[in-house]
A.B. asks: 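Let me begin by handing over the structure; questions about it come next.
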Amino acid sequence: MLTIRDYRPADSAATAEIFLRSIREVASKDYDPAQVDAWAKVEDLDAWARRRASRPTWIVEHDAAPIGFSDLEPDGHLDMMFVHPEYQGMGAASLLLATVEAAARDQGLVRLFTEASLTARPFFEKKGFVVLAAQSVEKRGQLLQNFRMEKSLR
Ligand SMILES: CC(C)(COP(=O)(O)OP(=O)(O)OC[C@H]1O[C@@H](n2cnc3c(N)ncnc32)[C@H](O)[C@@H]1OP(=O)(O)O)[C@@H](O)C(=O)NCCC(=O)NCCS
C-alpha cells in the first residue's frame, strides 16, 4: 500500500539512496556509464539534507518505508522526482505528482515546470506536461540531455 507524507530531516539518507539507485538502476538505460557516474553523486550529505528541507518535499512510502520523493519550489518548479528501482510502475510517482499538483493549486500557481530526464519524459507526458525544449546540461564534466517541460494548472 502506498501512502504520502511530508519529508522529515531524518529522511535525508533514504532520499539520497533512492536518488542514487534510481539513476544507477533505472535512468542508466537512457544514459551512458560516464553520464550516470557524473549524475549519481551525493558528495555532501549535509548539503543534500539542507536542499531537501529547503522546500516542501513529499515522501511516498510502501509499508511505511520510503520508496520515492518529489518537491515543489515556490515558483512552480518541480526539482526532484525519483522512485526506488524495486518499486517502479506501482503508481508511486503518480501519487507524488498528484500531491505536488494539489499543493501548487493551493498556492495559486498556474503552472508546474521541470527538467525531465530521458527516462522520465514519458511519465510527465502521460501526466499532461508538454516539452518546451530539449537541452543539454553539464554535470561534472558530462553533458546530459533532458527536456524542459511544463503543465498548465489553469
Ligand atoms: C520516472 C519515474 C519517476 C516514474 O516512477 P513510477 O513510480 O514508476 O511511475 P508510475 O508507476 O506512477 O507511472 C505512471 C504512468 O507513467 C508511465 N511511465 C512511467 N515511467 C515510464 C517510462 N519510463 N516510459 C513509459 N511510461 C512510463 C507508467 O506506465 C504509468 O502509466 P499508466 O498510468 O498507464 O499505468 C521513475 O521511473 C524513476 O524514478 N526514474 C528514474 C529517475 C529519473 O529519471 N527521475 C526523473 C528525474 S527528472
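All figures in this text were calculated on a predicted structure; none of them were measured in a lab. Each residue takes its place number in the sequence, starting with 1. One-based numbering, in listed order, for ligands and for the atoms of each.
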A.B. asks: Which atoms of ligand 1 are found less than 4.0 Å from any heavy atom of Met90?
C.D. replies: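 This gives 11 (O) as the contact atoms.
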
A.B. asks: Is any heavy atom of the protein nearer than 4.0 Å to atom 45 (N) of ligand 1?
C.D. replies: yes

A.B. asks: Atoms of ligand 1 less than 4.0 Å from Ser94 heavy atoms?
C.D. replies: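 Result: 10 (P), 12 (O), 13 (O), 14 (C).
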
A.B. asks: If we count only non-hydrogen protein atoms and require a distance under 4.0 Å, does atom 28 (C) of ligand 1 qualify as touching the protein?
C.D. replies: no

A.B. asks: Using the rule given for side chain to side chain donor-acceptor pair (under 3.5 Å), can you reason through Ser117 versus Trp39, listing the C-alpha separation, both sets of side-chain angles and the distance that settles it, and then say yes or no?
C.D. replies: CA-CA 11 Å; Ser117 65; Trp39 184 11; over 6 Å; no

A.B. asks: Taking the minimum heavy-atom distance to atom 16 (O) of ligand 1, which of Phe123, Tyr31, Phe69, Phe82 ranks first?
C.D. replies: Phe123

A.B. asks: Check each atom of ligand 1 against the heavy atoms of Ala120 and keep those under 4.0 Å away; list them by number with element.
C.D. replies: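 Those qualifying, in numeric order: 1 (C), 46 (C).
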
A.B. asks: Tell me which one of Ala27, Pro85, Gly91, Ala93 gets a heavy atom nearest to atom 7 (O) of ligand 1.
C.D. replies: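 When every heavy atom of Ala27, Pro85, Gly91, Ala93 is considered, Ala93 comes closest to atom 7 (O) of ligand 1.
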
A.B. asks: CG of Asp6 to CH2 of Trp58: how many Å apart, nearest 0.5 Å?
C.D. replies: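 Spacing of CG (Asp6) from CH2 (Trp58) equals 7.5 Å.
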
A.B. asks: Any chance CZ of Arg21 has more than 12 other-residue heavy atoms, nucleotides or ligands included, within less than 6.0 Å?
C.D. replies: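 Buried by this count: over 12 neighbours within 6.0 Å.
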
A.B. asks: Hey, does Thr119 come in under 3.5 Å of ligand 1, counting only N/O atoms on both sides?
C.D. replies: yes

A.B. asks: May I have the step-by-step check of side chain to side chain donor-acceptor pair (under 3.5 Å) for Lys29 and Thr119, ending in yes or no?
C.D. replies: CA-CA 8 Å; Lys29 73 178 171 60; Thr119 319; 5.0 Å; no

A.B. asks: Is the shortest distance from a Lys or Arg side-chain nitrogen in Asp11 or Arg5 to a carboxylate oxygen in the other one below 4.0 Å?
C.D. replies: yes

A.B. asks: Considering Val83, Leu96, Leu95, which one's heavy-atom position lies nearest to atom 39 (O) of ligand 1?
C.D. replies: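 Looking at heavy atoms only, Val83 sits closest to atom 39 (O) of ligand 1.
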
A.B. asks: CD of Gln35 to CG of Asp37: how many Å apart, nearest 0.5 Å?
C.D. replies: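 The CD atom of Gln35 sits 10.5 Å away from the CG atom of Asp37.
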
A.B. asks: Ligand 1 versus Lys126, non-hydrogen atoms closer than 4.0 Å: side chain, backbone, both, neither?
C.D. replies: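 For Lys126, only side-chain atoms sit under 4.0 Å from ligand 1.
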
A.B. asks: Which ligand 1 atoms, with their elements, are less than 4.0 angstrom from a heavy-atom of Ser117?
C.D. replies: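 Atoms satisfying the 4.0 Å criterion: 43 (C), 44 (O), 46 (C), 47 (C), 48 (S).
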
A.B. asks: State the atoms of ligand 1, each with its element, that fall below the 4.0 Å cut-off from a heavy-atom position in Ala92.
C.D. replies: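 Heavy-atom distances to Ala92 below 4.0 Å select 7 (O), 12 (O).
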
A.B. asks: Has Glu115 got any heavy atom lying under 4.0 angstrom from an atom of ligand 1?
C.D. replies: yes

A.B. asks: What verdict does the salt bridge (Lys or Arg N to Asp or Glu O under 4.0 Å) test give for Lys127 and Glu101, after you've listed the backbone C-alpha separation in whole Å, the side-chain angles of each residue and the deciding distance to 0.1 Å?
C.D. replies: CA-CA 11 Å; Lys127 301 296 179 182; Glu101 260 189 59; over 6 Å; no

A.B. asks: Could you find the nearest protein heavy atom to atom 37 (O) of ligand 1 and give me its residue, atom name and distance?
C.D. replies: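 Minimum-distance protein heavy atom for atom 37 (O) of ligand 1 reads Gln88 OE1, 2.5 Å.
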
A.B. asks: Return the orientation label for the His62 and Tyr87 ring planes: parallel under 30°, perpendicular over 60°, tilted otherwise.
C.D. replies: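 Taking Tyr87 first and then His62, their aromatic rings sit tilted (interplane angle of 30° to 60°).
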
A.B. asks: Would you mind telling me if ligand 1 is within reach of the side chain of Val26, the backbone, both or neither, using heavy atoms under 4.0 Å?
C.D. replies: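 Under 4.0 Å from ligand 1, Val26 contributes side-chain atoms alone.
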
A.B. asks: If I apply the N/O under 3.5 Å rule, does Pro122 come out as touching ligand 1?
C.D. replies: no

A.B. asks: Is the shortest side-chain heavy-atom distance between Ser22 and His84 below 4.5 Å?
C.D. replies: no

A.B. asks: Closer than 4.0 angstrom, basic N to acidic O: yes or no for Glu115 and Arg148?
C.D. replies: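 Answer for the salt bridge query: no.
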
A.B. asks: Does the distance from a Lys or Arg side-chain N to an Asp or Glu carboxylate O, for Arg55 and Asp79, drop under 4.0 Å?
C.D. replies: yes

A.B. asks: Give the residue, atom name and distance (to 0.1 Å) of the protein heavy atom nearest atom 8 (O) of ligand 1.
C.D. replies: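 Here the closest protein heavy atom is Gly89 N, 2.7 Å.
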
